[in-house]
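The next block holds one structure in the form of structure tokens; read it before the comments.
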2 protein chains.
Amino acid sequence: MDGHRDIEALIGLMARLPGLGPRSARRAVLHLMKKRDSQLLPLAQLMSDVGRSVRTCLNCGNLSTGDICNICNSEKRANGQVCVVEDVADLWAMERAQVFSGRYHVLGGTLSPLDDIGPDDLHIPKLRDRIAAEGLREVILALNATVDGQTTAHYVARELAPTGVTVSSLAQGVPVGGELDYLDDGTLRAALSSRKPF
Amino acid sequence: MDGHRDIEALIGLMARLPGLGPRSARRAVLHLMKKRDSQLLPLAQLMSDVGRSVRTCLNCGNLSTGDICNICNSEKRANGQVCVVEDVADLWAMERAQVFSGRYHVLGGTLSPLDDIGPDDLHIPKLRDRIAAEGLREVILALNATVDGQTTAHYVARELAPTGVTVSSLAQGVPVGGELDYLDDGTLRAALSSRKPF
Ligand SMILES: [Zn+2]
Ligand SMILES: [Zn+2]
């Protein structure tokens with residue numbers, strides 16, 4: 001092979017993507033080199049564009065191209081409900097299912113004393129501030145049905161109790177041990193509509 | 001989500017890579033957006049660099065950053081042997097196994113009357129020219145052990161017969177129906193060393 005160094009580096013970076021290993025990364029790079037104009041160069045351009053513009057919404061933690069994301073900027077989404085998720089992937093899953101019309105709060109993880117992840121790291125104080133600032137009536141906890149997710153859910157509910165806001169959580173339509181990002185739209189819809197007081 | 005159009009386009013292009021589907025492409029893009037500086041931007045840069053420099057070696061059909069690839073440019077590789085492969089992926093597989101020290105000839109496919117792929121499309125006349133031009137003594141056919149691969153091997157052998165060059169093919173260490181790019185180095189080494197007259 002030729003142009004070796006760049007191509008090997010490219011394969012190495014591709015191999016770090018979730019779902020790709022060294023062999024599939026090699027095949028992907030070879031595929032791209034054969035589709036230079038229709039895939040490789042457009043991909044390079046889009047990655048560069050997205051990379052230069054992407055940041056984190058200062059209000060909710062969603063990925064955004066401005067300081068405040070489209071959802072937080074939209075008056076239509078100000079319906080008094082905020083859906084608390086662990087990760088942007090979960091927010092994407094909810095948006096794909098088109099079952100929720102309020103705003104989000106992305107924690108960016110779960111509480112984990114071992115990993116030194118505390119309430120401040122998860123923007124929980126910011127969530128409490130938003131209740132008054134945005135006149136929120138209901139906080140819907142849409143955390144993963146894992147031990148860490150549920151521990152975090154209990155912590156958030158306890159922290160929000162003094163504010164008097166209604167705290168609910170997704171119904172047990174979410175399979176035990178399951179992760180939101182893998183659910184089909186129907187399951188997400190059912191879990192949302194039968195949410196119960198936390 | 002925000003910055004929607006570019007991100008959706010990026011997911012769409014990623015989903016066209018072999019080994020990725022829509023869901024894994026979404027996860028890969030989200031992963032990249034979180035690793036903006038360490039992965040997304042370097043990947044964009046490398047793709048752009050490789051995309052601007054990659055071309056096809058005019059002599060052998062290998063991918064290259066110049067008109068003639070490193071292998072064809074190297075006097076060390078001028079040992080009188082040429083290994084004929086269907087695809088650059090197969091050339092990479094041979095090079096990874098480090099079992100061959102001659103040059104290559106990449107056909108870019110197999111003969112296929114249905115798909116209108118004939119000898120000229122596979123650079124077979126160019127291969128015949130190389131025998132005199134490079135003083136080749138042996139042509140090693142390293143084509144896939146598929147019906148199309150073996151049909152093409154027979155055609156190449158017949159075309160080269162008048163030149164008097166020795167034509168050999170990889171030994172039947174290659175599993176029937178198997179593809180070179182999936183074999184381990186040991187199998188490739190055994191198949192090469194026990195190659196037999198064609
Ligand atoms: Zn936001
Ligand atoms: Zn070459």
Side-chain angles (χ1 to χ4, degrees), chain A residues 1-4 6-7 9-10 13-14 16-21 23-55 57 62-66 68-73 87-89 91-92 95-96 181-182, chain B residues 1-4 6-7 9-10 13-14 16-21 23-55 57 62-66 68-73 87-89 91-92 95-96 181-182:
Chain A
M1 250 305 303
D2 206 355
H4 228 99
D6 278 354
I7 293 168
L10 181 54
L13 272 178
M14 292 291 284
R16 293 170 66 183
L17 291 178
L20 286 180
R23 183 182 296 272
S24 47
R26 220 154 45 212
R27 295 182 75 82
V29 167
L30 196 56
H31 169 90
L32 285 173
M33 289 167 71
K34 290 176 183 170
K35 308 269 183 181
R36 196 189 88 111
D37 292 322
S38 65
Q39 295 190 35
L40 178 57
L41 292 177
L43 204 46
Q45 188 61 50
L46 276 170
M47 283 182 173
S48 169
D49 291 348
V50 168
R52 277 184 292 103
S53 63
V54 69
R55 65 199 70 188
C57 173
N62 186 14
L63 291 168
S64 171
T65 51
I68 302 296
C69 77
N70 279 347
I71 294 174
C72 289
N73 265 329
D87 198 274
V88 175
L91 185 161
W92 286 18
E95 287 293 288
R96 277 200 305 280
D181 191 31
Y182 283 94
Chain B
M1 249 306 303
D2 206 356
H4 229 97
D6 278 355
I7 294 169
L10 181 53
L13 271 177
M14 292 291 285
R16 292 170 66 181
L17 292 178
L20 287 180
R23 183 181 296 271
S24 47
R26 218 155 44 210
R27 295 183 75 83
V29 168
L30 196 57
H31 169 91
L32 285 172
M33 289 168 71
K34 290 177 183 169
K35 308 268 183 182
R36 196 190 88 110
D37 293 323
S38 64
Q39 296 190 35
L40 178 58
L41 292 177
L43 203 48
Q45 187 61 52
L46 277 170
M47 284 183 173
S48 169
D49 291 348
V50 168
R52 277 185 290 107
S53 63
V54 69
R55 65 199 72 188
C57 173
N62 186 13
L63 290 168
S64 171
T65 51
I68 302 296
C69 77
N70 279 347
I71 295 174
C72 288
N73 265 330
D87 197 276
V88 176
L91 185 160
W92 286 19
E95 287 293 287
R96 278 201 304 280
D181 190 32
Y182 284 94

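Computation of the quantities below employed the complete heavy-atom set of this structure, encompassing side-chain atoms and omitting hydrogens, waters and symmetry-equivalent molecules. Order of the sequence lines fixes the chain letters, A, B, ..., with proteins taken first and strands second; residue numbering starts at 1 for each chain.
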### Task
Please name the pair of heavy atoms, one in B:G51 and one in A:L41, separated by the smallest distance, quoted to 0.1 Å.
CA-CD2, 3.7 Å
### Query
Could you give the distance from OG1 (A:T65) to CG (B:D6), rounded to the nearest 0.5 Å?
9.0 Å
### Summary
Answer key: most heavy-atom pairs under 4.5 Å with chain B among A:P18, A:G19, A:S48, A:S24 is A:P18
### Query
Considering only heavy atoms, which portion of A:R26 lies under 4.5 Å from any heavy atom of chain B: side chain, backbone, both, or neither?
both
#### Entry: Candidate pair B:L30 and A:D87, rule side-chain contact (heavy atoms from CB on, under 4.5 Å), full reasoning
CA-CA 10 Å; B:L30 196 57; A:D87 198 274; 4.0 Å; yes
### Query
Got a second to check how far A:Q45's CD is from B:L13's CG, nearest 0.5 Å?
11.5 Å
### Residue part contacting chain B, namely of A:L10, when any heavy atom lies under 4.5 Å
both
### Query
Going from CE on A:M14 to CE on B:M47, what distance comes out if it is rounded to the nearest 0.5 angstrom?
4.5 Å
### Closest-packed option against chain A by number of heavy-atom pairs under 4.5 Å, given B:L20, B:D49, B:L40
B:L40
### Message
At a 4.5 Å cut-off on heavy atoms, which part of A:R55 comes close to chain B: side chain, backbone, both, or neither?
### Response
neither
## Note on the structure
Bottom line for A:K35: the part with an atom under 4.5 Å from chain B's heavy atoms is neither
### Query
Of the backbone (N, CA, C, O) and the side chain (C-beta and beyond), which part of B:L43 lies under 4.5 Å from a heavy atom of chain A, both, or neither?
both
### Task
Please round to the nearest 0.5 Å and tell me the distance separating atom CE of A:M33 and atom OG of B:S53.
7.5 Å
### Reported CD1-to-CG distance for the pair A:I7 and B:L63, which is rounded to 0.5 angstrom
6.5 Å
### Message
So for B:R36, is it side chain, backbone, both, or neither that comes closer than 4.5 Å to the heavy atoms of chain A?
### Response
side chain
